[in-house]
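To start, the structure under review is shown below, and the notes come after it.
Being a predicted model, the structure only gives us computed values, none of them experimental. Each chain gets a letter, A, B and so on, in the order its sequence line appears, and its residues count up from 1.
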Amino acid sequence: MAAELLVAAAATLILVVVTAPPRVARRTLLTWGLVGLAAMTAILLAPSLDLVLLILLVLAVLQAGMVSDRDFATRLRAPVLAIALLGLGLAFERIQGPAVLQRFGAVGMVAGLVAAVGLLPYIHEFDPEESVVASPIPWIAFVGPLLAATVLSRARQLLPPEAGDAFGAMLIGLGLLNMVWGSVASWRTQNDAVAWRYSFMADWGLVLCGFGLAVADGRSAALILLLSVVFGRLPLYFWSRQALREKTPTDRPINLLVAAALAGSAPFAGFAARVLLLRGATSLYWPLALVLAAGMLLWLPGSLRLGRSMGLPRRRQAVGVGIVLAVNVFLGVYPQPLLSLAGQ
Amino acid sequence: MIEAAAAFLAWLGAGLVVLADGRRGLALGLALLTTGFAVLAWAGGQPAGAVAVAGGGLIGSVRCWRSGSAWGLMPAGSTPRLVLCVAAALVGLWVAASVTTGAAAPLRFAVLVVLGLMGSRVLASRETAIVLTSIAAFSLALAAAPGLASTSPGPAPDLIGGLIAVGVMFVPARDARDPRAQGAIKGRVGGG
């Protein structure tokens with residue numbers, strides 16, 4: 001699964017650099033994007049979770065060293081908290097002792113992962129005016145997906161069965177919380193850039209539920225959703241930045257299409273992921289599917305707002321939006337090749 | 001006995017990093033902590049790892065020592081930090097020696113206490129020098145943590161931890177209030 005996410009991140013970087021608006025320094029964007037990709041490759045190849053944490057620490061320090069309105073210490077807080085929680089969780093899993101320690105370990109792992117990505121209850125401080133690469137967006141939409149796939153697959157191998165159940169339950173609980181909070185906040189918050197950030201959180205809510213279900217359908221749904229975050233929501237957010245600054249909401253057919261893709265309507269990838277997620281939840285515990293289905297309706301108002309905030313993409317950006325929507329439709333209509341590739 | 005002394009040294013170093021605001025105090029804390037973890041790595045059968053930890057941590061410590069002349073040990077208002085150090089040691093000792101079983105109790109104590117103390121130091125501080133020193137110490141504790149596993153992790157974590165400890169002290173981090181940083185922010189280059 002992680003390899004597919006790495007390829008998607010590389011494709012997103014190429015697309016975003018090629019279609020970047022003139023005022024964006026492409027060299028800077030490319031440099032930091034490549035640094036992120038190198039770290040992601042190292043995370044993918046690391047033989048143990050301890051090395052993943054050390055790589056994450058290097059990446060956090062490098063990103064915090066970038067020039068920004070927020071100071072160095074503030075930007076390091078969330079990643080360091082994440083690494084500390086993951087490190088303590090990992091240590092508790094390894095130590096011989098009572099079973100409750102291993103449950104504490106599971107809590108540390110889940111809390112650390114959520115803190116690393118920037119989800120509730122550890123939302124990263126967000127400045128709407130900050131450049132994308134220096135902001136928390138790369139954690140939630142570029143590095144985060146691969147990191148989550150790696151940490152969760154390694155953690156499942158470490159955890160004993162009784163702690164594994166608690167692990168899944170925590171993922172589902174946090175997933176529901178982020179799903180509701182993110183979708184309502186992306187609809188109700190005043191600032192459009194902040195609304196985009198909350199929409200990432202909402203998608204992550206579904207991803208956590210998918211991973212927490214621990215059935216094949218749940219994992220498949222999580223993979224499709226993560227891919228649609230990396231190669232869908234992230235580039236769309238990047239292209240919306242100029243319109244967000246100029247405050248030029250637009251109501252054209254393209255905005256409606258983007259809104260439909262963001263909301264997970266048919267035939268886009270989000271729809272297939274939602275169907276798989278509901279099927280997995282029904283097979284496990286049907287009331288959970290009911291809650292998920294009700295929560296999924298909350299995507300619509302926020303997505304319509306985000307679609308409008310895109311403005312009217314022109315020239316290269318219009319081509320970029322077209323590519324993203326086409327890939328999204330392909331994944332929605334025919335996800336099987338991707339799922340087979342990922343071994344799902 | 002040597003391992004227990006090394007674990008105590010690691011806690012003492014972490015405590016100094018928590019209690020000091022000046023560069024010299026931070027450097028001494030990092031040096032003590034490095035010595036503790038290097039001895040623990042050596043005792044765990046990782047001589048190459050011990051050398052990497054010692055080299056990385058001590059170079060970082062020298063760099064920190066040279067960048068300022070103040071000690072800043074226990075300035076006014078540092079009582080909560082002192083309480084944190086003592087409480088962390090007591091909880092760590094209880095978990096490592098009483099709650100858990102098996103060999104390597106000193107390593108368990110050192111890893112748990114240093115991860116906790118350095119994590120809280122990074123979260124509570126706004127000074128770049130303090131944060132960087134804490135991260136150097138944090139990386140050494142993370143590098144030591146694989147030693148808790150039943151299988152040998154090899155020297156790779158210690159090597160990477162040592163490299164981070166030295167590399168992080170050379171990071172040219174600027175605060176947002178730095179005039180050069182402000183100029184660049186107004187220019188808003190890169191990344192949209």
Engaged part of [X] at the chain B interface, taking heavy atoms whose separation is under 4.5 Å:
| X | result |
| --- | --- |
| A/L90 | neither |
| A/L54 | both |
| A/L88 | both |
| A/A20 | neither |
| A/T74 | side chain |

Measuring from atom [atom1] of [X] to atom [atom2] of [Y], what distance do you get when rounded to the nearest 0.5 angstrom?
| X | Y | atom1 | atom2 | answer |
| --- | --- | --- | --- | --- |
| B/L32 | B/W11 | CG | CH2 | 11.5 Å |
| A/I137 | A/R197 | CD1 | CZ | 7.0 Å |
| A/F231 | A/L236 | CZ | CG | 10.0 Å |
| A/S131 | A/R241 | OG | CZ | 7.5 Å |
| A/Q96 | A/Q102 | CD | CD | 10.0 Å |
| B/I160 | A/D50 | CD1 | CG | 10.0 Å |

Tell me the residues of [range] whose non-hydrogen atoms fall below 4.5 Å from those of chain A, in number order.
| range | value |
| --- | --- |
| residues 96-104 of chain B | B/V99, B/T100, B/T101, B/G102 |
| residues 61-84 of chain B | none |
| residues 115-124 of chain B | B/L115, B/G119, B/V122, B/L123 |

Report yes if the side chains of [X] and [Y] come closer than 4.5 Å at any heavy-atom pair, otherwise no.
| X | Y | value |
| --- | --- | --- |
| B/R24 | B/L28 | no |
| A/D71 | B/T128 | no |
| B/W94 | B/L90 | no |
| A/R233 | A/L262 | yes |

Quick one: closest heavy-atom pair of [X] and [Y], and the distance?
| X | Y | value |
| --- | --- | --- |
| A/W32 | A/L62 | CH2-O, 3.6 Å |
| A/V52 | A/R154 | CG2-NH1, 4.0 Å |
| B/I130 | B/D21 | CD1-OD1, 3.8 Å |
| A/R77 | B/R126 | NH2-CG, 3.6 Å |
| A/V324 | A/P235 | CG2-CG, 3.9 Å |
| A/L76 | A/P79 | O-CD, 3.3 Å |

Would you say B/I2 has more than 12 foreign heavy atoms packed within less than 6.0 Å of its CD1? no

Is it the side chain or the backbone of B/S139 that comes within 4.5 Å of chain A heavy atoms, both, or neither? both

Check each atom of B/I164 against the heavy atoms of chain A and say whether the ones under 4.5 Å are side chain, backbone, both or neither. side chain

Give the interface residues of residues 104-120 of chain A toward chain B, defined by a heavy-atom separation under 4.5 Å. none

Can you tell me how the ring of A/W196 sits relative to the ring of A/Y237, calling it parallel under 30°, perpendicular over 60° and tilted otherwise? tilted

Could you check which of B/G161, B/A145, B/P157, B/A141 has the highest count of heavy-atom pairs closer than 4.5 Å to chain A? B/P157

Which residue out of B/I135, B/V168, B/V131 racks up the most heavy-atom pairs below 4.5 Å with chain A? B/I135

Does any N or O in the side chain of [X] come within less than 3.5 Å of the main-chain N or O of [Y], such that one atom is a donor and the other an acceptor?
| X | Y | result |
| --- | --- | --- |
| B/R23 | B/A129 | no |
| A/Q63 | A/V133 | yes |
| A/R70 | A/E125 | yes |

